[in-house]
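All remarks here apply to the structure that follows.
Per chain, numbering begins at 1; letters A, B, ... match sequence-line order.
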Amino acid sequence: MTASVRARGRMEWLADRFAVKHRLIGSSLLRLGLGGAVAYHFASSWPERRYLWGADGAHPLEIFNRTNARLGPSLFAVQSEALFDVLYLAGLLVAIAYLVGWHTRVVAIPFVVLTWSLLSRNPLALNGGDTLLFVTLPYLLFLDSSACFSFDSRRKAAEPRSANASTVIAALHNLALVCLLVQLCIVYGANCYNKLLGDTWIDGTALGIVFRLAEYEPPLLAGFLAGSQFVQASIGYFTLAFEGAFPFLIWSRKGRVVAVVLAVLLHGGTILFMGLVAFGLRMIVYQTVLLSDDQYLRLAGRRGVLARRSRQPATSTPADAAT
Amino acid sequence: MSDTPPEARSANLFERLYPPALVLALVAVAVHFLLVAVTIPSKNPLSAAGDNFAVRYVDPALKQKWSLFAPDPLSGDIHLMGRARNHGGEWTEWAEFYTPVREEVRSSAFNPRALVRVHLIRSALIPLRDAMGKTAQETDLLLREWQDPDTKPAEVVSLERTAAGELAEQYPGRRFDQVQVRILLTKLAGSEDAGELLLSLTLREAPFESSVDSLGRP
């Protein structure tokens, strides 16, 4: 077989693989998680909205306009308080609509635009989870995240599209998935790399410092965590090992499961022991796209049964099952 | 002459174009993330170069910095204090405006002011890190640069406006014309000499412009 024939064969294999949407369950769970997180972000920050994002707040308009190259333009960079409030409430409403999966393809556009605008309005009010949300928002426009657990999935199936259109839409969905996965690899890989540059992570004392910081003093087991160097070093090395291994684990079927379990352990720990609730939950939500539909169905004990509107083959494709 | 109907010709064309188009899209995605990845590490000749294509590509919306507690966690507790001066030249006492927010957020897992705490910490960290390791002369130069309204960092503006808002609330009815912020770093609890001052950075006076409804109180 010549090289060109082999290359052609591989290209067709890739094309076939991308022509069917994968990880629809994970994508839908991601929609639930991010929609909920953003709705909470808007709702809970209502009393502080003027301070954090208002024209005369802590990051006033004249400073935003001077440094607006930091993250980009924002719809919330307006002088009028009334207009600001209208946009803010619109952001909350579209987040709720996105969460429940109502006309998701259309709603995703204002959801992405308004959420992106709010985050970029004040870069100082971003934690790590917000930054990850910020850079992954554009991918949500191409992701089919309403195949499950949504109002859209309960509605009558729309007019069937042409085969070509379905193929393009499926390919865009899968490309968005690939982008999300690669972005997650960058997050964990970069965190690991940056930690390895620090002496305290190498010698295992970093968490001893973190647990004594007033912001992160553990609400639970404070004395135990802050007092035991063995525990601090163990958790620190576990963190390094997980973050370093993550970019490699997620590309195999069994590795993904390990990655998800370890991620939930790590971020669950930051929630319970450091009070980083919003950040920890956000990171756990992103793990939902790691598992295939088949893996979710097995988890639910419903392998081979998929009681939802069929936009795609009801069960994972043979290609998906093989991974 | 081909007898193939138009729909079939269109389908054949799509089947021919789709695989290479997909490969091109994947290559574009790979190049995109490669450019993003090379600018992330903090010690990196590419990102340090400052003006190369990768840096210009990611700036501003794709810039990422994943360094939670990295390379080393800040080994001290931050305190933010502010005072104000009236038209007669009298200064108020220094008042802490960050610790109450921090304690309030710690008291409940879903406290809505968690974002305010994030904002204040980030506003404080940048000036602290810029000032660390500098001589008194270098620090003085830095503080003078920060006084220029055209180049004053957003973090410094945020701290000044927050402090002004807090002081306006603490002294209702009084009128002030200047505000001053002090950032302190103290030794961690549990360490020897816990609470001892590690670093004190007093910013230059600035016009008293309070942020609306300081720290979110109506």
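With a 4.5 Å cut-off on non-hydrogen atoms, B:T186 does not touch chain A at all. Heavy-atom distances place no part of A:N174 under 4.5 Å from chain B, backbone and side chain included. For A:L281, the part lying under 4.5 angstrom from a heavy atom of chain B is the side chain only. Heavy-atom distances place the side chain of A:L52, and not its backbone, under 4.5 Å from chain B. Proximity to chain B is limited to the side chain of A:W116, based on heavy atoms less than 4.5 angstrom apart. Looking at A:L175, the atoms closer than 4.5 Å to chain B (heavy atoms on both sides) all sit in the side chain, from C-beta outward. Neither the backbone nor the side chain of B:L159 has a heavy atom closer than 4.5 Å to any heavy atom of chain A. Looking at A:L132, the atoms closer than 4.5 Å to chain B (heavy atoms on both sides) sit in the backbone and in the side chain alike. Heavy atoms of B:F69 lying under 4.5 Å from chain A belong to its backbone as well as its side chain. Within the 4.5 angstrom heavy-atom criterion, atoms from both the backbone and the side chain of A:Q183 approach chain B. Both the backbone and the side chain of B:P20 come within contact range of chain A, judged by heavy atoms closer than 4.5 Å. In this structure, the portion of B:L22 lying under 4.5 Å from any heavy atom of chain A is its side chain and not its backbone. Of the atoms belonging to A:Y188, not a single heavy atom falls under 4.5 Å from chain B.
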> Checking side-chain contact (heavy atoms from CB on, under 4.5 Å) for the pair B:L68/A:F279: CA distance, chi angles, key distance, verdict?
Replying inline: CA-CA 11 Å; B:L68 183 61; A:F279 170 68; 3.9 Å; yes
>> The test is side-chain contact (heavy atoms from CB on, under 4.5 Å); show your working for A:D130 and B:V118 and say whether it passes.
In response: CA-CA 11 Å; A:D130 294 327; B:V118 168; 5.9 Å; no
> B:R161 and A:D56: side-chain contact (heavy atoms from CB on, under 4.5 Å), yes or no, with the steps?
Replying inline: CA-CA 9 Å; B:R161 290 176 72 92; A:D56 294 317; 3.9 Å; yes
> Is there a side-chain contact (heavy atoms from CB on, under 4.5 Å) between B:H119 and A:L126 once you walk through the steps?
Replying inline: CA-CA 7 Å; B:H119 175 91; A:L126 299 182; over 6 Å; no
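Interatomic distance, OH of A:Y193 versus CD1 of B:I40, reported as 11.5 Å (0.5 Å rounding). In this structure, CG in A:L124 is found 7.5 Å from CD1 in B:I126, a value given to the nearest 0.5 Å. The distance from the CZ atom of A:F134 to the CD atom of B:Q64 is 10.0 Å, given to the nearest 0.5 Å. A distance of 8.5 Å separates NE2 of A:H59 from CD of B:E155, quoted to the nearest 0.5 Å. Rounded to the nearest 0.5 angstrom, A:I63 CD1 and B:S158 OG are separated by 10.0 Å. The CZ atom of B:F14 sits 4.5 Å away from atom CG of A:N164, with the distance rounded to the nearest 0.5 Å.
The stretch residues 75-82 of chain B places B:S75, B:G76, B:D77 near chain A, each with some heavy atom under 4.5 Å from a heavy atom of that chain. Applying a 4.5 Å heavy-atom cutoff, the residues of residues 27-35 of chain B that approach chain A are B:V29, B:H32, B:F33.
For the pair A:L14 and B:P19, the minimum side-chain heavy-atom distance is 4.5 Å or more. Using a 4.5 Å cut-off on side-chain heavy atoms (C-beta onward), A:L197 and B:D72 make no contact.
The nearest pair of heavy atoms linking B:R117 to A:L276 is NH2-CD2, 4.3 Å. When all heavy atoms are compared, the tightest approach of B:S67 to A:N191 is N-OD1, 3.7 Å. Here the shortest heavy-atom pairing between B:D150 and A:R66 reads O-NH1, 3.1 Å. Across A:W201 and B:A70, no two heavy atoms sit closer than the pair NE1-CA, 4.4 Å.
For the options A:V182, A:L207, A:N127, heavy-atom pairs under 4.5 Å to chain B are most numerous at A:V182. Annotation: maximal heavy-atom pairing with chain B below 4.5 Å, among A:R8, A:M11, A:K195, occurs at A:M11. Between chain B and the options A:V277, A:T131, A:V135, A:V187, the largest number of non-hydrogen pairs under 4.5 Å is found for A:V187.
Side chain of B:R113 to main chain of A:E48: no donor-acceptor pair is present (N/O by atom type, distance under 3.5 Å, no hydrogens or angles). With B:R122 contributing its side chain and A:A125 its backbone, the two residues share no donor-acceptor pair below 3.5 Å.
Within 6.0 Å of CD on A:Q229 lie no more than 12 heavy atoms contributed by other residues, nucleotides or ligands.
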